Each structure stands twice: as C-alpha cells, then as structure tokens.
Student: 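Okay, handing you the structure first.
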Amino acid sequence: MIAKSRANDRPYATSFARWNAVSWVLLGLLPTALAVLDSPDARKYWSLGVLGALALCCGALFALRSGPALRPLMVLSVFALGLGGTSYVLEGAAALYVVSLPLFWIYARDARSSVVLSGLAALATVFGGTLPQGWSPQFLTGNNVVTVAAFAAGAALGLWVHRFVGQSDMRAAQLTAELESAQRRLVEAYRRQGAVEERERLARDIHDTLAQGFASIIVLAEAARSSADSDPARRAQQLLSIERTARENFTEARVLVGSAPSGTLAAGSLAETLGRTLDRFAEDTGLAVSAELPDIDCDRTARIALLRCTQESLANIRKHAAASAVGVVLARHEEVIELEITDDGCGFVVEESLGFGLNGMRKRLAEMGGELTVTSSVGDGTRVLASLPAPEASGTLETAEALETAGSPVTAGMPGSAATIATYQAPSTPVSTTGQE
C-alpha cells in the first residue's frame, strides 16, 4: 500500500520501505543464511540459492514500489512461493515468514491483496515445512503454529492499521477540501472588499473633484445670471471662473479614467497648491480669507490629501456656513503636519453630521496614518484640523523660520472682489492668483 501514499508523504514512505528492507536483511535473511552454513553441501547450496532468490524479490519490490500495480503483485506472489521453497529446504521457515510479513502490507495495493498474499505465503510456508515429512505429516508443529498465528495476528493488525490510515486519509482529504473552500471564499471576500474599496475611492475622488467643481459652476452661473446687467465686469469674471472650473473638472475626469497623468494634480509645493485654491475661493465667493502657508516639504500623496481636505472644507463653507471670514493655517511640528481651516459661520452639531464629505476626509487621512478633528457648535463657527505624519527627511522650513524670512505679511487683492488673502510664507513661494491645478 506504499504506492498509494500522497505526494507529500512519499519521502516518508520511501524511507520507511528502505528501513524495512534493511531490517528484513538483518533479522531475516542473514540469520537464516548463517544457520545453513553448517548444513551438508547440497542442502546448503539449495538454501542459499532460495534465499538469494528471496533477496532479489525484496530488491525488486523496493525498485518497483511506484510502478504499475501488477508488477509488485507478481513479485509478491513469487516471494510467497520462495518462502514455501525455503520452508521445504529448511523443513520450516516460521521465523523468516514472521519477519517477511510487513512486506505484504507495504507493497500490496490494498488490504485485500495484503491478506490474500500473506495467506498464500503462510500456506506455502506450512506446506513446505510439512512436505518433507512424507505421508504422515505433523501439522501441529511449532513452525506451523507460529506461522498460522503470525498470519492471523498480522492480518488483524494490518486491517486495523489500514482502517486507521484510511480514516486519517479521509479526514486529511476533508480538511484539504475545507481549506481549499475557505481559501476560495477568502479570495472572493478579498475581491469583493477590493471592489468595495475601489468604489469608495472613486466615489470619494468624484465627490472631492467633479462634484465640487460642478457645484461651483452652478453657483457661479446663478451669480452671473443675476449680475448680467448691473455689473458686466463682475459677470465677465464669473464666466471666466466657470470656464476655468470646467477645464479643471475636465482634467480631473481624465485623471480619474486614466487618460491623463496624475502628476498634473497638486503640482508645485504644498503652500503653492493651497494658495491657488484659496485665491480661487476668495475670487469666487468674495469672502475674506487669511492664510499662513509656510513652505513645508511633503510628498505628492500628502499634498493631494491636504488639498482635498481644503477643497471639501471650503465647499462646505460656501454651501452651509454663511461665513464672512475664513482662516487657513499650515504648520509643521516635530512629527506631524497640521492644516487648520476655520470660519465664523453658523456652525453645526458635529455628532449629527452624516455627510459624505467629512467621512471621506477622515478615511483619506486615516489611510495615510493621519486623522481629522472637527470642532463646531451652532452659532460659533467651525474648526477643521487635518493632521498627517511628517516626512522623516529634514530640510523643510518651519513656520517660525518662514515668518522670520518673510518679515511681514504679503497681501494680494483679489480682482473683482473685496476679498483679501494674507499669506505668510517664504519668498520662494509667491502669492498666486491663478486657478488651482
């Protein structure tokens, strides 16, 4: 039954068969051969010849253990007859039969074949041992009794082991099937989770980019329609803002579908990126916006995350806050970059806010190891604090250093409105009134 071993059990089965062959030679073949060396020449040579044939059969069994089923059965049949021949020459070979019993259970293909072949070997051993007695054989000899008892005990033990191994194999097969099923379910769960996360990411990106842009276009279009006759210059500025917002939305849409490089988003430093966004917000809304934007170094992913938080916060201020002033402070501490956005609007109850935008900001920052803190109450305005782990590389300018270098606030008037952005930053980050990228 060794050939039926599973692929991962074959090294163990081969090692077991090798050690059994060595044991058979040391405990069965050699003692029997030594015992016949003092026999008469004829008997000695016949005995050694039969024992040599048995040794060849044992070697053939080991060599053919993984071959077609018919070959080991044929060799075992010859081996059983060889045991009978040995018993005939030595007038009994019970000890050799006992030592040879494991061979029938190792190399036979199933339990039935093992029982039949070991029974054939027992019959041949008993018959060979009684044949020299002539016409008055004595069957109740020690050799015959030991042979029959060994056959019965070997059959019982072999069947029990076969049943135990069969149950173990069934259990192993069942566990393997359950493991494969669990792995398939896990792969499917990961696939579904990945699809859900991808949908959430796309929804968050669409909400933070295209939806906000369309909302701005709607507000600007309504304002342009209401001021068509009273303020032509303001109307022209609003139409220009609509055009720029539409172009930005088109660029964002191309990035989302993968037809444009994502490097066009959040180009430049973080201070420049936020400065352009605040310029556009002040220009479109007419609100007073004050900002402290030192030149802080961070990677593109962090710039985009903080830019999205700024855009979402400004969109909420525009739609819900009814504010007159907005403040933005960017600062780097020892291990964290913080972006604070405040307004003096109507405020809200944070616990009752179920909007998609705040949850989207929280998830975006959490994916990067950051967090979002929203503080607000009705009538007292709102404070949004976004924090991200600071990069380990040094060389960025701290807020105090930027203020010391700048010397004084730089004020940029927004065309077409009374809004003003006071931006504290290093000279290398000039105030920009261009549209955001």
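Source: prediction; values computed, not measured.
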Student: Considering residues at least two apart in sequence or located in another chain, which fulfil the salt bridge (Lys or Arg N to Asp or Glu O under 4.0 Å) criterion with E335?
Tutor: none
Student: For N144 and T147, does a side-chain donor sit closer than 3.5 Å to a side-chain acceptor?
Tutor: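 T147 and N144 do not have a side-chain donor-acceptor pair below 3.5 Å.
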Student: Do NZ/NE/NH1/NH2 and the carboxylate oxygens of R362 and E371 come within less than 4.0 Å?
Tutor: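 Looking at R362 and E371, the cut-off is not met.
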Student: To check you understand the geometry: which heavy-atom pair defines the closest contact between V75 and A60, and what is its length?
Tutor: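 Reported closest heavy-atom pair: CG1-CB, 4.1 Å.
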Student: Would you say that K44 contacts L48 through its side chain, given a criterion of any heavy-atom pair below 4.5 Å between the two side chains?
Tutor: yes
Student: Check E197 with K363, please: is the shortest side-chain N to carboxylate O separation under 4.0 Å?
Tutor: no
Student: If you measure only the distance, is there a donor-acceptor pair under 3.5 Å linking the side chains of S100 and W24?
Tutor: yes
Student: T86 versus S47: any side-chain heavy-atom pair under 4.5 Å?
Tutor: no
Student: Counting C-beta onward and ignoring hydrogens, is there a side-chain heavy-atom pair between I337 and C298 closer than 4.5 Å?
Tutor: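 When only atoms from C-beta onward are counted, C298 and I337 do touch, with a gap below 4.5 Å.
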Student: Should M361 and S313 count as side-chain neighbours, where that means a heavy-atom distance under 4.5 Å?
Tutor: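 Answer yes - side chains close enough.
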Student: Below 4.0 angstrom, N of the basic side chain to O of the carboxylate: do R185 and E188 qualify?
Tutor: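 Salt bridge flag = no for E188 with R185.
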Student: Side-chain contact, heavy-atom cut-off 4.5 Å: V349 with S377?
Tutor: no
Student: Has T285 got a side-chain atom pairing as donor or acceptor with F281's backbone, closer than 3.5 angstrom?
Tutor: yes
Student: Measuring from atom CG of L96 to atom OG1 of T32, what distance do you get when rounded to the nearest 0.5 angstrom?
Tutor: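 These two atoms lie 4.5 Å from each other.
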Student: Only one of L270, L278, T273 forms a side-chain contact (heavy atoms from CB on, under 4.5 Å) with L293, so which one is it?
Tutor: L278
Student: Any side-chain heavy atom of V374 within less than 4.5 Å of one from F348?
Tutor: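 The answer is yes; the side chains approach within 4.5 Å.
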Student: Indicate the atoms forming the closest heavy-atom contact of E338 with S387, along with that distance.
Tutor: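 Smallest interatomic distance, heavy atoms only, reads CG-CB, 4.1 Å.
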Student: Using the rule given for side chain to side chain contact (heavy atoms under 4.5 Å, CB included), can you reason through S290 versus V326, listing the C-alpha separation, both sets of side-chain angles and the distance that settles it, and then say yes or no?
Tutor: CA-CA 6 Å; S290 62; V326 177; over 6 Å; no
Student: Are S118 and L101 close enough that some pair of their side-chain heavy atoms sits under 4.5 Å apart?
Tutor: yes
Student: How about L29 and L51: do any of their side-chain heavy atoms sit closer than 4.5 Å?
Tutor: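 Yes - at least one pair of side-chain heavy atoms lies under 4.5 Å apart.
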Student: Pairs of donor and acceptor atoms involving the side chains of residues 315-324, under 3.5 Å and at least two apart or interchain, shall be tabulated with distances.
Tutor:
| residue | atom | partner | partner atom | Å |
| --- | --- | --- | --- | --- |
| N316 | ND2 | E312 | O | 3.3 |
| N316 | ND2 | E312 | OE2 | 3.3 |
| R318 | NH1 | S216 | OG | 2.7 |
| S324 | OG | D344 | OD2 | 2.6 |

Student: Working to the nearest 0.5 Å, report the span between CD1 of I341 and CG of L339.
Tutor: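 Separation between the atoms: 4.5 Å.
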